[in-house]
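Please read these numbers as outputs of a predicted model, since none were measured by experiment. Chain identifiers are assigned alphabetically (A, B, ...) following the order of the sequence lines, protein sequences preceding nucleic acid strands; residue numbering begins at 1 within each chain.
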Amino acid sequence: MEIILENFLVTSALTYANGKLHIGHIAGSYLNADIFVRYQKLVGNDVLYIGGTDDYGTPISIKAEEENVSPQDIVDKFNKSMRVDLEGLNIQLDNFSGTSHVNHSKDSQDFFTNLYDAGYIKKKVIKQFYDEKQKRFLSDRYVEGICPFCKEEGARGDQCDNCGKLIDAMDLIEPKSKLSGEVPIIKDTTHWYLDLPKFEDELRNWLDTKTYWKDNVKNFVLSWLNEGLQERAITRDLNWGIPIPLENTEGKVLYVWFDAPIGYLSSTKEWAEKIGEPDRWKDYWLNKDTKMIHFLGKDNIPFHTIIWPAMLSKQKEQFVLPHDVPANEYLNLEGQKMSTSRNWTVWVEDYLKYFEGEYLRYVLAANAPETKDSDFSWEDFRMRINTELNNVLGNLANRTCVFSKKYFDGKIKRPAKLTELSKNTLAEVYKLTDTIGRSYSSYQVRKATKQFMDIARIGNKYFDETQPWKEIKSDKNKASETLYVCLEILRIISITASPIIPKSMKILHDMLGITIPLTWDNISKETAEYSINNVDRLFRKIDEKEVEEQLEILKQRQKENVKEDIMIEHKPLIEYDDFMKLEIRIVKILEAERVKKSNKLIKLKVNIGGEERSVIAGVGKDYKPEELIGKKVPMLINLKPRIVMGVESQAMILAAEDEGKLSILHPDKDVMEGSEIS
RNA sequence: GGCGGCGUAGCUCAGUUGGUUAGAGCAUCGGAAUCAUAAUCCGAGUGUCCGGGGUUCAAGUCCCUGCGCCGCUACCA
């Protein structure tokens, strides 16, 4: 196979620096990038692999306040922990930087300036509420007041829930800050907007050339374009961020999504400086033949396919545009969506306390969420490690090497002539290596994993068919040939599987006593004589108990999480009179039907004791109308009626909420409708 | 309700531009073998390819429709 040398700049999406790495990050943008990079390096292409942390923004500044440290401390802590985790998984970036590192600010400001000078950034003065107590500008949803249209209280600054009309926050009557409860003052504030509509035609033409992009990515981008691009604010009033490079703009910083992708550039520059060749970054960024490939999760698609290329295209320097954006879908855990806030995930740090990094690499590669969401379960993890890595590959290596040691002192020469079976077997294996190469270069890690396991299966089959344990007694040369072929197969696996499980394949390569470097080209260089070193097990098995242990840990975490929830802020104490103001009665549900055009609302007709009322309840996700009819439940009935989706609701159903799931309350014994609760 | 995705063997999934008896791994059962990590190899299966219509010589694959599930989104008084 002829290979043309290429130039790659590979990135993994910057990870937000307010937490640790979990297996979702790995499956989404790190492992697939690392495997691709390792393959390209094996082939001999010039690859630079860049990443880092996304360091600015409100959540980090809030977290810092909570922990009473500086935002930089938070960022540094997580940046460091991520490096350790990546190291543990053998994911080797050429540079892992962070957007709070020195040169990033300048690069981001330059991007801003160039776009500004070219007329792609608009300045807008907008009126915004300002909370003097909190010393923050309040975004619309942090302001409440009376709706100017329906005069209902509790309308948010962006929309009134009562009448559903969109509101300009400035029109709110008696506005209040949701943060402090104070009356905010109105201040003019200036923000800068990226004029995305101006880019529309250009982007469309550019995207037309990306015929090779994955379907899910292309569809996503097209739907964005078809809806029409909006001007987007790229600045915020905040103290933790990059100041914008204009006169008299104190307190204005770049919005994180603007500066984050520039981190790829500044990280490359940081790398160039570290290796003592400060201009080397140009070989990638200013070289039109560079293929820049962004690995990321699906949530990051629009930024990298629309906004980022738009930003890049208007710089003074002719930067390369993204060549491909192989976005992955999501990884679920034990059948449920992963969630860090619910603590439903596996932290890399924790994983590494129990298992080898290689095993996670293998399982996530075999089951990567390439075309749709996939599921990680500990039982599947165990099965794959035991039946695939151990039984098929590990055992093939072991039986071959041990046999060679025992009868030939580990020295196996290439026979002068091979039998038809041997030739065919090797030919089949070689054919697969081409296929594997194609899988790697088209980001199909799942396929590549299956394909190198298939090579090992061919090896086991060949071993069984030739029966060297019999050959050794009748014709020693024949047995030697069999072992030679198996060793060749192992050699080829050690190369083809190394992007996925680099550590163990290096061990295998060394075990076989091969002295030429481990490169893709050397697949075709047959070894003249093997000299096997000490034979070791390549993999260990995972016990069922270990699976149970991990499941237990997951459960345990859920409980911890609940404890934290209970700590959540309590409301102020109230007087008994306040409680007495509430009229809560048991009502009987007479009728129930879904509200049209809604999948969450159910319209109820209830008997509250001699009187019927209609009620709208937002329980449609957890209850079907049929199961509600006839039930007796408590309701708050002296709440001001209100119109929801065109229907008046004259009471409020009481339900407990647990992780978004609603559970309607029931009296312990059967009581008459109308009974009051006190 | 809107947008997007999914529904193929017990389980996890492949099925390229529509083309012969629908595949792989795991699990199950039977057999062979004993070099090896109780590992391996051979054989056996089972499928209304979610339902219903349509286009076509031909549909798991394209179109319409219904059902079910998931994600984002609006509606939780």
* **Complementary nucleotide of rC35(B), counting Watson-Crick and G-U pairs under 3.5 Å** => none

* **Heavy-atom side-chain proximity of Trp378(A) to Glu334(A) below 4.5 angstrom** => yes

* When you compare rA33(B) with rC26(B), how far apart are their P atoms, in angstrom units rounded to a whole number? -> 22 Å

* **Options rC35(B), rC26(B), rA77(B), nucleotide nearest the side-chain atoms of Leu639(A)** => rA77(B)

* Side-chain N,O (Thr482(A)) to OP1/OP2 (rC35(B)) below 4.0 Å -> no

* Presence of salt bridge, Glu471(A) and Lys473(A), under 4.0 angstrom -> no

* Who pairs with rU17(B) - Watson-Crick or G-U, where each distance is under 3.5 Å -> none

* rG7(B) to rG60(B) separation - C1' atoms, rounded to the nearest Å -> 12 Å

* Asked: Which base, if any, makes a Watson-Crick or G-U wobble pair with rU12(B), both distances under 3.5 Å?
  -> rA24(B)

* Asked: Given rC35(B), rA27(B), rA77(B), which nucleotide is nearest the side-chain atoms of Met383(A)?
  -> rA27(B)

* Structure fact -> Side-chain contact check for Phe539(A): nearest option of rU37(B), rA33(B), rA77(B) is rU37(B)

* Asked: Nearest to the side chain of Ile653(A), which nucleotide is it out of rA77(B), rU12(B), rA36(B)?
  -> rA77(B)

* **Pair Glu673(A) + Lys632(A): basic N to acidic O under 4.0 Å** => yes

* Structure fact -> From the candidates rC26(B), rA77(B), rC13(B), the one with an atom nearest any side-chain atom of Lys372(A) is rC13(B)

* Lys/Arg-Asp/Glu bridge criterion (N-O < 4.0 Å) met for Glu329(A), Lys298(A) -> yes

* Asked: Can you check the Leu393(A) CG to rC26(B) P distance for me, whole Å?
  -> 14 Å

* Asked: Which whole-number value in Å describes the distance from Leu483(A) CG to rC35(B) C1'?
  -> 9 Å

* Euclidean distance, atom NZ of residue Lys450(A) to atom C1' of rG23(B) [Å, nearest integer] -> 9 Å

* **Spacing of the P atoms in rU8(B) and rU16(B) (rounded, Å)** => 15 Å

* To do: Verify the contact: side-chain N or O of Asn391(A) to OP1 or OP2 of rU40(B), cut-off strictly under 4.0 Å; return yes or no.
  => yes

* Asked: Is a salt bridge present between Glu546(A) and Arg540(A), judged by a nitrogen-to-oxygen distance below 4.0 Å?
  -> yes

* **Spacing of the P atoms in rA36(B) and rU40(B) (rounded, Å)** => 15 Å

* Asked: Can you find a side chain N or O atom of Lys298(A) that sits less than 4.0 Å from OP1 or OP2 on rC72(B)?
  -> no

* Asked: Which whole-number value in Å describes the distance from Glu329(A) CD to rC13(B) P?
  -> 13 Å

* rC76(B) to rU65(B) separation - C1' atoms, rounded to the nearest Å -> 32 Å

* Length of the CG-P vector between Asn367(A) and rC11(B), whole Å -> 16 Å

* Can you tell me the distance, in whole Å, between the CG atom of Asn460(A) and the P atom of rC42(B)? => 10 Å

* Asked: Mind checking the P distance from rC72(B) to rC57(B)? Whole angstroms is fine.
  -> 45 Å

* Asked: Out of rA39(B), rC35(B), rU37(B), which has the shortest distance to the side chain of Arg537(A)?
  -> rU37(B)

* Between Lys461(A) and rC42(B), does any side-chain N or O lie under 4.0 Å from OP1 or OP2? -> yes

* To do: Write down the distance between CG (Asn390(A)) and P (rA38(B)), rounded to a whole number of angstrom.
  => 10 Å

* Structure fact -> With the side chain defined as heavy atoms from C-beta on, Glu388(A) is closest, among rA14(B), rG25(B), rC35(B), to rG25(B)

* Interatomic distance at C1', rG71(B) relative to rG18(B), whole Å -> 30 Å

* Distance under 6.0 Å and angle within 45° of the ring axis: does Lys214(A) meet both against Tyr443(A)? -> no

* Asked: For the pair made of CZ in Arg399(A) and C1' in rA38(B), what is the distance, rounded to whole Å?
  -> 14 Å

* Under 3.5 Å on both distances, the Watson-Crick or G-U partner of rC76(B) -> none

* Taking atom P in both rC41(B) and rG5(B), compute the distance separating them and give it to the nearest angstrom. => 40 Å

* Kindly assign one of parallel, tilted or perpendicular to the pair Tyr407(A) and Phe403(A), based on the angle between their ring planes and the thresholds 30° and 60°. => tilted

* Nucleotide opposite rC6(B) in a Watson-Crick or G-U pair, distances under 3.5 Å -> rG68(B)

